[in-house]
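Everything on this sheet refers to the single structure shown next.
All figures in this text were calculated on a predicted structure; none of them were measured in a lab.
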Amino acid sequence: MPITTVTSLEGEACRPDVYCFPVQIVNVCFIGDPKRKEDGWVLVDAGMPRSADAMAREAETLFGSGPKAIVLTHGHFDHVGAIVELIGRWNVPVYAHERELPYLTGKADYPEADPSVDGGLVTELSPLFPHQGIDLGDKVRPLPADGTVPGLPEWSCIHTPGHTPGHISLFRERDRTVIAGDAFVTVKQESLYKVLVQEQEISGPPKYFTTDWELAEQSVKKLAALRPELAVTGHGRPMAGPLLEQSLKELADRFAQIAVPKQGRYVRN
């Protein structure tokens, strides 16, 4: 996919142990403290196709080794693009929500993208995006039902469906950090220009791939109720402080006006 943002491959330490690494148009997260390499680390999401080498190089620079595990917020192509290569390289378990497993074990495909939603050039290009599921076989496992996250004892898993049935976000109470995946994002992902320059604004989940807007709204309200102080999202720059608090509250309060398309295959008017 020949679209690359101005921030691609420019990692940012958002917390001492939370590192956001943009790969073309999507962010992955390295969770672990490079100063405490012996504790290991966990990768959240697996980026774009053909990005495995870039992620492996960054991991080697930061930690000198591969992760203990890979956690997927969901299985869309831009979040699992390098997963097969990374599993082959690191031989680590992959975790996802139980409701996302059909798309990760060859049993189901995602619905096709909807180019009829309002947005911009990325929306118009979206029918070209892969929507097929992948088959990781026994390499992928369900996340624990109790909300814990393997390898990340301080973090909790929050089911945030809407964008996909088994979409999850991760939250750490100690410093109120959320890794939101695509439950909400901090760039208008439908606009090619805004994606390329990474113009920061809070937005709902990418419209062209979101299939249940009622659940998507509930998920945003659920995350807003946590009052996060830092959000690392699947697309866009990390957002923190009063800007995040005000923007996320407005998104939750006015979700129908800000996030939901005026028309579309999955929109109930």
- Taking only residues at least two apart or on different chains, which pairs with a member in residues 116-143 satisfy salt bridge (charged side-chain N to carboxylate O under 4.0 Å, His left out)? D118-K207

- Going by distance alone, is a donor N or O of one side chain under 3.5 Å from an acceptor N or O of the other, for R265 and S116? no

- Query: With a cutoff of under 4.5 Å between side-chain heavy atoms, which Ile, Leu, Val, Met, Phe, Trp and Tyr residues group with Y110?
  - Reply: Y103

- Item | V18 reachable from F63 in the ILVMFWY side-chain graph, under 4.5 Å edges | no

- Determine the minimum heavy-atom distance between L86 and A46, stating which atoms define it. CD1-CB, 4.1 Å

- Task: Output every pair passing ring-ring contact (aromatic ring centres under 6.0 Å, His included) with a member in residues 216-240, not counting sequence neighbours, ordered by first then second residue.
- Result: H79-H235

- Query: Between S191 and K194, is there a donor-acceptor pair closer than 3.5 Å when you use the side chain of the first and the backbone of the second?
  - Reply: yes

- Message: Could you tell me if the side chain of L230 sits less than 4.5 Å from the side chain of R176, heavy atoms only?
- Response: no

- L244 CG to Q200 CD distance, which is reported to the nearest 0.5 Å: 9.0 Å

- Do V149 and V44 sit in the same hydrophobic cluster, where Ile, Leu, Val, Met, Phe, Trp and Tyr count as joined when their side-chain heavy atoms come under 4.5 Å apart? yes

- Query: Taking only residues two or more places apart in sequence, or in another chain, which ones meet D109 in a side chain to side chain contact (heavy atoms under 4.5 Å, CB included)?
  - Reply: H131, Q132

- Query: Which value, rounded to the nearest 0.5 Å, describes the distance between L226 atom CG and E173 atom CD?
  - Reply: 8.0 Å

- Quick one: does T5's side chain have a donor or acceptor within less than 3.5 Å of a partner on Q198's backbone? no

- Message: Which residues pass the salt bridge (Lys or Arg N to Asp or Glu O under 4.0 Å) test with D53, not counting sequence neighbours?
- Response: R89

- Within residues 209-218 or reaching into it, pairs that qualify as salt bridge (charged side-chain N to carboxylate O under 4.0 Å, His left out) - sequence neighbours excluded: E214-R268, E217-K221

- In short, salt bridge (charged side-chain N to carboxylate O under 4.0 Å, His left out) pairs touching residues 225-239 with sequence neighbours left out are R227-E245

- For N91, does the CG atom have more than 12 heavy-atom neighbours from other residues, nucleotides or ligands under 6.0 Å away? no

- Could you tell me the separation between the OG1 atom of T4 and the CD atom of Q24, rounded to the nearest 0.5 Å? 4.5 Å

- Can you establish whether the number of heavy atoms outside K249 located under 6.0 Å from its atom NZ is more than 12? no

- With a 4.5 Å heavy-atom cut-off, do L251 and V220 have their side chains touching? yes

- Message: Check this for me: does any side-chain nitrogen of one of E201 and K188 sit under 4.0 Å from a carboxylate oxygen of the other?
- Response: no

- Message: Could you check whether any side-chain N or O of S126 sits under 3.5 Å from a backbone N or O of Y208, counting only pairs where one atom can act as donor and the other as acceptor?
- Response: no

- Message: For R172 and D17: C-alpha separation, side-chain torsions, deciding distance, then whether salt bridge (charged side-chain N to carboxylate O under 4.0 Å, His left out) applies.
- Response: CA-CA 12 Å; R172 183 166 63 185; D17 61 349; 2.7 Å; yes

- Qualifying ring-ring contact (aromatic ring centres under 6.0 Å, His included) pairs with a residue from residues 21-40, counting only residues at least two apart or across chains: Y19-F30, F21-F30, F30-W41

- Taking all heavy atoms of V195 and all of Q189, pick out the closest pair and write down the distance. CG2-O, 3.5 Å

- Message: Quick check: do F129 and F77 have side-chain heavy atoms less than 4.5 Å from each other?
- Response: yes

- Note on the structure: Contacts satisfying side chain to side chain donor-acceptor pair (under 3.5 Å) that involve residues 160-170 (not counting sequence neighbours) are H76-H163, E100-T164, T160-H167, T160-S169, H163-D182, H163-T210

- Message: As a test of understanding, state which of L136, I134, V140 forms a side chain to side chain contact (heavy atoms under 4.5 Å, CB included) with T105.
- Response: V140

- Residue pairs involving residues 69-81 (criterion salt bridge (charged side-chain N to carboxylate O under 4.0 Å, His left out); sequence neighbours excluded): none

- Message: How about CD on E12, more than 12 heavy atoms from neighbouring residues, nucleotides or ligands closer than 6.0 Å, or not?
- Response: yes

- Task: Can you tell me which residue pairs pass the ring-ring contact (aromatic ring centres under 6.0 Å, His included) test with a partner in residues 43-62, sequence neighbours excluded?
- Result: none

- Which distance, rounded to the nearest 0.5 Å, do you find between the SG of C29 and the CG of L43? 8.5 Å

- Compare every heavy atom of L248 with every heavy atom of P228, then report the nearest pair and how far apart it is. CG-CD2, 3.7 Å

- Task: Please report the closest heavy-atom contact between I168 and C157, naming both atoms and the distance.
- Result: CG2-SG, 3.7 Å

- Hey, quick one: are V84 and L101 part of the same hydrophobic cluster, counting side-chain heavy atoms closer than 4.5 Å, chains of contacts allowed? yes

- Measure the CG-CG distance between L192 and L121 for me, rounded to the nearest 0.5 Å. 5.0 Å

- Message: According to a hydrophobic-cluster definition based on side-chain heavy atoms being under 4.5 Å apart (Ile, Leu, Val, Met, Phe, Trp, Tyr only), do Y95 and I70 belong together?
- Response: no

- Query: Given the rule that I, L, V, M, F, W and Y join up when any side-chain heavy atoms are under 4.5 Å apart, are M239 and I179 in one cluster?
  - Reply: no

- Item | Residues clustering with L215 (ILVMFWY side chains joined when closer than 4.5 Å, directly or via others) | none

- Message: Which heavy atom of P150 sits nearest to which heavy atom of L143, and what is that distance?
- Response: CD-CD2, 3.8 Å

- Query: With side chains defined as the heavy atoms from C-beta onward, is the minimum distance between W90 and P67 less than 4.5 Å?
  - Reply: yes

- Message: Nearest 0.5 Å, please: how far is OG in S219 from CH2 in W213?
- Response: 11.5 Å

- Message: Exactly one of V28, V26, V80 should register a side chain to side chain contact (heavy atoms under 4.5 Å, CB included) with M48. Which one does?
- Response: V26

- Task: Kindly assign one of parallel, tilted or perpendicular to the pair H159 and H97, based on the angle between their ring planes and the thresholds 30° and 60°.
- Result: parallel

- Item | Side-chain heavy atoms of V94 within contact of I83, under 4.5 Å | yes

- Any side-chain heavy-atom pair from R57 and E60 closer than 4.5 angstrom? no

- Message: Let's go through T233 and T186 carefully: what are the C-alpha distance in whole Å and the side-chain angles of both, what is the deciding distance for side-chain contact (heavy atoms from CB on, under 4.5 Å) to 0.1 Å, and is it a yes or a no?
- Response: CA-CA 7 Å; T233 61; T186 58; 3.4 Å; yes

- Would you name the heavy atoms of A82 and A52 that are closest together and state the gap between them? CB-N, 3.7 Å

